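One structure is given here, and the rest of the page talks about it.
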Amino acid sequence: MTLFLQTLANGLVLGASYAVIAVGLTLVFGILHIANFAHGAFFAIGAYGVLLLNMLGMPYLATLPLAIVIVAIVGFATEYLIIRRAIYGDSHHGSIIVTFATGQALVATLILLFGPDPHPVGSPFAQSTWSGFGILVAGQRIFILIASVLVLAGFGAWLRFTVKGQQVLAVAQNPKGALYSGINVPMIRSVSFVVGVAAAGFAGALLAPIVTVYPTMGHTSLITGFTVAILGGMGSISGALLGALLMGGLQRAVRNLHLGIVDACAWLDSRDRSSAVVAAGPDGPTAAAQALTSYRMRQSLETMSLSISQKTAPLRNRGFRLSYLLCTALAVAAAVAFGVLVENTFVVTLAGYTCAFALFGLSINIMLGGLGEVPLGQCVFFGIGAYGAGIGMVKLGLPFEAAVTIAMLVSIVAAAMIGWLTLRLTGAYFSIVSWGLSGVAVVAALNLADLTGGPLGMFGFPPIAIGPFQLVDPRTYFFVTATILLIVVLLLAAVRSSKFGGAIESIRQNRHLAQSVGVNVFRERLKAFVLSAPIAALGGALCVPYTQIVTPEVLSVANTVDALLMVLIGGTGLLVGPIIGAMIFSVIPYYLSLDPNVRILVFSTAIIVIMVFAPGGLHQIVKGLLERAKGSSNAAG
Amino acid sequence: MPRAEAFPHIAVRATDIRKRYGGVVALNGVSLTVAEGEVFGIIGPNGAGKSTLFDILCGITRPTSGRVEVLGQDVGQMSPHLAARHGVGRTFQRTAVFGEGTVRENLLYGRHIGFRHSVIGRIFQSETYRTERRAFDEKAEDVLTLCGLQDERDRTANVLAYGVQRRLAIAVALMSDPKILFLDEPAAGMNGRETADFISLVEAIAPGRTVVIVEHDMTVIKALCGRALVVVDGRPVTIDAPGQVFRHPEVISAYLGADDE
């Protein structure tokens, strides 16, 4: 009984803070129709606000309101500079990418400003506890509970009793109707975003004393927030409250009952517990929650995902055979000339690596340009390829070809399973789950040290060769990767102009119509996903001869972000777009040696800039200029 | 049903269809039979349940109770994408075309079930692939001519005029050689000239197939349909020739009473 009460009390506290996070997320989703992937960053900024003011000598309680103000200012700047321009306008293109990149940029900024280490924050309630009915609750937790309930009550009262709150509800229901009845819709959107992220910041400020403050602290809370919001039905505030309580209770209960898989819980607890809850659901109760989740998802996310998938730039289907042959011949000539003429062997090796990484870009573009999905977890397949080569060669002593083949097969099986679970839905759901998976994969790679070498990774490769070709030699490495890249591009070009490619493109443009002309939407999407996985794995494996080491980092989302940037630079609409992106991409690090966090900041900012100014990438800019020069054929026709 | 008897086979048979959304009864016991080769109309004031009935007939929505057979197949047991394989073509009231594709690409996507080739076949230009491509080119030319879209083939669907988009929607549906064509408010939003063009288009494509039109516009129904079903408040009022239908007292009161366009 005591254990039950204790569990209930702790669950209540946890649930209350989740509720504050989820309500913010829900508000932004309800009004702006975007799943705000930057939400976790604002959570962290709230905590850092407290930390900063604390260091300046302010008492904890006084820092709380100021932290909210700081978050609100950053939130407004984000809304004004990025969200408003990239998402509300005509190009409603990929709100997931924009908010995700924003989150990455903000977290990288925090790391650069405060360092990656956790900082403790003092609280006046730290020493005090409350006990009664045989249970013990820390003072800070009681404070969190009270403050959360007050904020939620205030929030509810704001929505219900103030004019502005009523306007927010009106915009959520019908933006056009609200606009016609004289409501300043853009302003309401701004307000909603700022209030939403301020709620996240407040939660961060509240939790700072118990969880300590570190830059990536928001990741867990973001995923939890999503789970909670989804559980309650995205867009419903009261649903979010209920979901939060359920989630808080469940997590506590699961922890106390020690449901079997102790090992799993141990990693998950240490790093990324909640992402596993979304992704894998290793515990019984959470699996039940997941079933409920996917049901609610069905209702709430369809609409949003439609708008995303319809607005990604198209892969065009124009098969001019002659120009194909010509382009292929030119590409081969350029590659041969490069491989033979360039003296600097490091540059040649780098070019080989670029070709390998471009494969990963192509894989991502199958999802992004082809399906209109943002595959944040595509790095998992890349990592399977890299680890496949590593485990196969170093641990099992297999030849490179065999190791790569096995890794590609594993990635196919993994993609089939993941796709089966996630691809019935689109948009944010797929992105969230695949992101969570990459978190799980990193944790697994860190902890399965016998197999993966743990945090140190795998190294000490025997000389890597494909058949008679020694990949140690820079020129051979380049020629092999370039040939493979060319073959994959030609394969994808054929896919695109086949029945399957047409089906994929028709689904992206208009799901319902595609279904009505006989396309099995789910199966074709699954096929595309399964096709993308071994290409990523191949890219991952072919990077190994260059890197000579495989660490858990290959599985991290930062890897996807790099490749995503390549794809976006080159343009999602062009098959070879990722390759152009990869070339540009490999030149920059060669001339600038950047700190990893500066790199994330620069690249995330670049993604945002591209999304704001040229959602179709370089390809679109060039095409726009050409069309302007000769006059649009559409306008003339 | 004097005209129906002229045709030996039944294309659509719906028996006692009921549909309830929570407490709201959208359809209350609608039955109808459409003979093969017939052009059949479904009319009624706004909110009468026409669109619900349409969605149920072509398998998008499942009825709460009742049975729908299209070309001898139980539609209730069929996944939506399978309907096309059984010879059912549809056009929707909204989101009618593949907006970012050209007219020709729209037709290509519409041909989906007419293709059998694999990716491998595509790479090596297999016999199947080449035959299918030739068949597609011929079919596309026919459909483009039929729908008056010859001059629009390389234009993007999004930039086409509204009436042209509606014709393209029908062209897309025709690419799968449907035996039965369901048209959901095909003339909604068209001007007089476009409506007239549309009527002659349907007259051109109707021979040899069954057409079911859900429509608001009386001109269209009168010009095209042999028989029409009137739905008011989810109830079937009458099934008769369009000329007769509009003399029915309940139809007159429903139409005059309802605040219609």
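Please read these numbers as outputs of a predicted model, since none were measured by experiment.
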Is the number of heavy atoms from other residues, nucleotides or ligands within 6.0 Å of CZ (B:Arg130) greater than 12? yes

Looking at CG of B:Leu82 and CG of A:Asn520, how far apart are the two atoms once the value is rounded to the nearest 0.5 Å? 7.5 Å

With rounding to the nearest 0.5 angstrom, report the CG to CZ distance, A:Leu513 to B:Phe98. 4.0 Å

Under 3.5 Å: donor-acceptor pair, side chain of B:His117, backbone of A:Lys499: yes

Shortest non-hydrogen contact from B:Gly99 toward A:Gln509: N-OE1, 3.6 Å

Chain B heavy atoms under 4.5 Å from A:Ala514: which part of the residue, side chain, backbone, both or neither? both

At what distance, to the nearest 0.5 angstrom, does CD of A:Glu505 lie from CG of B:Leu108? 10.5 Å

Assess whether atom CZ of B:Arg153 is packed by more than 12 heavy atoms of other residues, nucleotides or ligands within 6.0 Å. yes

Search all heavy atoms of B:Arg133 against all heavy atoms of A:Ser497 and return the closest pair with its distance. NH1-O, 4.2 Å

Do you know which of B:Gly110, B:Ala157, B:Ser118, B:Ala173 has the most heavy-atom pairs with chain A at a distance under 4.5 angstrom? B:Gly110

Considering non-hydrogen atoms only, spot the tightest contact between A:Ser516 and B:Ala84 and give its length. O-CB, 3.5 Å

Compare every heavy atom of A:Gly518 with every heavy atom of B:Arg85, then report the nearest pair and how far apart it is. NH2-O, 3.7 Å

Does some side-chain heavy atom of B:Tyr109 sit less than 4.5 Å from a side-chain heavy atom of A:Val517? no

Quick check for you: among B:His86, B:His112, B:Arg90, which has the greatest number of heavy-atom pairs under 4.5 Å with chain A? B:His112

Just to verify, what does B:Phe40 make a ring-ring contact (aromatic ring centres under 6.0 Å, His included) with, not counting sequence neighbours? none

Checking the side chain of A:Asn510 only, and the main-chain atoms of B:Val97 only, is there a donor and an acceptor separated by less than 3.5 Å? yes

Ranked by heavy-atom pairs below 4.5 Å to chain B, first place among A:Leu491, A:Leu490, A:Val495 goes to A:Val495

Run the side-chain contact (heavy atoms from CB on, under 4.5 Å) test on B:His81 and A:Glu524 for me, step by step, so that the C-alpha distance in whole Å, both residues' side-chain angles and the decisive distance to 0.1 Å come before the verdict. CA-CA 12 Å; B:His81 73 270; A:Glu524 301 294 335; over 6 Å; no

Considering residues at least two apart in sequence or located in another chain, which fulfil the salt bridge (charged side-chain N to carboxylate O under 4.0 Å, His left out) criterion with B:Lys139? B:Asp177

